[in-house]
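Right, one structure below, let's go through it.
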There are 2 protein chains.
Amino acid sequence: MDIRTLCLGILTMRDATGYEIKKVFEDDLSHFYEASFGSIYPALNRMTEDGWIACKAEAQDGRPDKKIYSITSAGRMAFMDALQKKPRKDRIRSEFLAMMMFSDLMVPSRIAGLIDERLAGLNAHLKEIDTCMDEAATPNVVRFLRGFGQAMYRAERDYLEENRHLVEAQALMSRAAAD
Amino acid sequence: MDIRTLCLGILTMRDATGYEIKKVFEDDLSHFYEASFGSIYPALNRMTEDGWIACKAEAQDGRPDKKIYSITSAGRMAFMDALQKKPRKDRIRSEFLAMMMFSDLMVPSRIAGLIDERLAGLNAHLKEIDTCMDEAATPNVVRFLRGFGQAMYRAERDYLEENRHLVEAQALMSRAAAD
DNA sequence: AGAGTCATGTAACGCGTTACATGATTGT
DNA sequence: ACAATCATGTAACGCGTTACATGACTCT
């Protein structure tokens, strides 16, 4: 499921511009996917060529024409096919954890700083989810996805708080051994 | 932190061949990073050119020469620099969750099947971690990383078990409304 | 005054996956 | 017999990021 296919999926839900699709990525998918304009706009152009989506341009003053995309029946079929394929393994890439692996090459204050920043980020995410979870009118699916993010962030926060000593103590021991 | 830099980091811990580096990715980093030979071997070649690592070839019979890489002082400095940069945001890409977003386009049995498979995968991961967590002689850092994976897998399992109804019920309701 | 929102795009570039190529040895 | 382990690599290709280009309107 590349960005292209995901854009197509979003267009099964409603007509949208590239700009609006980006917002769906930010609002609903941000915890487990991201996409930049540099990938969204070319994706839309290509799918238009392929006949999977159609585009109506709306003139605006002082801004580029607004291009409202809608899915075609060929596009809808293509997306249904994509939903029948088995999802591939998650791709995760965490530089934070990769750095933790080398904690014995860092001074303790650096390790602590990294973990503190990470926790701050997690708490910020959680706060943000909390504020938008209250809103009624949120579809169940979006609730499910947001709740998923929430559960993961909480689990990570709890784990870090309880286990940071494993990397922080390790650094102290390596330094002690070096003396 | 690209694959190249991570290979360099692994070589701060011990000399290794490309093949062995791949195993470190599989054993210690698999929960939040992955790398294929197609990225590891070119990375090693390039870092050799750059003078960050050095290579000793060992002849073998019936197999390609074993190339044992070791980090140079220039390489060690480069890696220390990398550890001072602030880690970039995690990159996550979950096709499973992306598909869940479109649960109302799938028949209930398909949704249930996807979730069941996902749970099976999570349980398999957890089982695997359980078996290798017992081993003494596992460094604290590796414990920390494995424990991290464990905590995440458990959190996801629990979340899915408790909240799958949100996507499964949604599908039923959409279908009911369509009747 | 400055940040943020709306709105589209292109071009270069790097990164990494995938598939291919080779082939002996060891374990089930 | 068959799969897995050991061991290295290349080439094509796609995907996506990043930076750049443009510019008005609105909120603080």
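Each chain gets a letter, A, B and so on, in the order its sequence line appears, and its residues count up from 1. FYI, side chains are in, hydrogens and waters are out, and symmetry mates aren't considered; it's all heavy atoms of this structure.
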Practice problem: Send over the distance from A:D65 CG to D:dT22 P, rounded to a whole Å. | Solution: 18 Å
Quiz item: How long is the line joining CE of B:M47 and P of C:dG14, in whole Å?
Solution: 17 Å
Exercise. Tell me whether the OP1 or OP2 atom of D:dT18 has a side-chain N or O from B:R88 closer than 4.0 Å.
Key: yes
Exercise. Answer yes when A:K85 and A:D81 have at least one side-chain N-carboxylate O distance shorter than 4.0 Å, and no when they do not.
Key: no
Self-check item: Among C:dC15, D:dT10, C:dG9, the nucleotide that comes nearest once only the side chain of A:N45 is considered
Solution: C:dG9
Quiz item: Please give, in whole Å, the distance from C:dT17 P to A:M1 CE?
Solution: 20 Å
Quiz prompt | Of residues 34-43 of chain A, the positions that come close to DNA chain D - non-hydrogen atoms, cut-off under 4.0 Å | solution = A:E34, A:S36, A:G38, A:S39
Quiz item: Which whole-number value in Å describes the distance from B:Y33 OH to C:dT17 C1'?
Solution: 15 Å
Self-check item: Candidate nucleotides C:dT5, C:dG9, D:dT10, ranked by approach to the side chain of A:Y19 - the nearest
Solution: C:dT5
Practice problem: Measure the distance from CD on A:E20 to P on C:dT5 and round it to the nearest whole Å. | Solution: 15 Å
Quiz item: A:L44 has an atom CG; how far is it from atom C1' of D:dC15, in whole Å?
Solution: 15 Å
Quiz prompt | Basic-acidic side-chain contact under 4.0 Å: B:D158, B:R154 | solution = no
Exercise. Check whether any side-chain N or O of B:Q60 sits under 4.0 Å from OP1 or OP2 of D:dA7, and answer yes or no.
Key: yes
Quiz prompt | Toward the 5' end of DNA chain D, by each residue's nearest nucleotide, A:D2 or B:I68 | solution = B:I68
Self-check item: ring pair (Phe, Tyr, Trp, His ring centres under 6.0 Å) between B:F144 and A:Y159, intermediate numbers included
Solution: CA-CA 9 Å; B:F144 174 82; A:Y159 182 80; 5.6 Å; yes
Quiz item: Which listed nucleotide (C:dA7, C:dC15, D:dA7) is nearest to the side chain of B:K66?
Solution: D:dA7
Quiz item: Do the two ring centres, one from B:F25 and one from B:F37, sit under 6.0 Å apart?
Solution: no
Quiz item: Do the side-chain N and O atoms of B:T48 and B:N45 include a donor-acceptor pair separated by under 3.5 angstrom?
Solution: no
Quiz prompt | Rounded distance [0.5 Å steps], CZ in A:R146 versus CD in A:Q150 | solution = 10.5 Å
Quiz item: Just checking B:K23: base, sugar-phosphate only, or nothing, at a heavy-atom cut-off of under 4.0 Å?
Solution: sugar-phosphate
Quiz item: Are A:F79 and B:F102 close enough, and set up right, to give a ring pair (Phe, Tyr, Trp, His ring centres under 6.0 Å), and what steps lead you there?
Solution: CA-CA 10 Å; A:F79 187 68; B:F102 303 103; 4.8 Å; yes
Quiz item: Out of D:dT18, D:dC15, C:dT18, which has the shortest distance to the side chain of A:R4?
Solution: D:dC15
Quiz item: D:dG16 phosphate, OP1 or OP2: any side-chain N/O from B:R93 under 4.0 angstrom?
Solution: yes
Practice problem: Round to the nearest Å and state the distance from A:K22 atom NZ to C:dG4 atom P. | Solution: 14 Å
Exercise. Would you mind reading off the distance between B:E26 atom CD and D:dA7 atom P, rounded to a whole angstrom?
Key: 14 Å
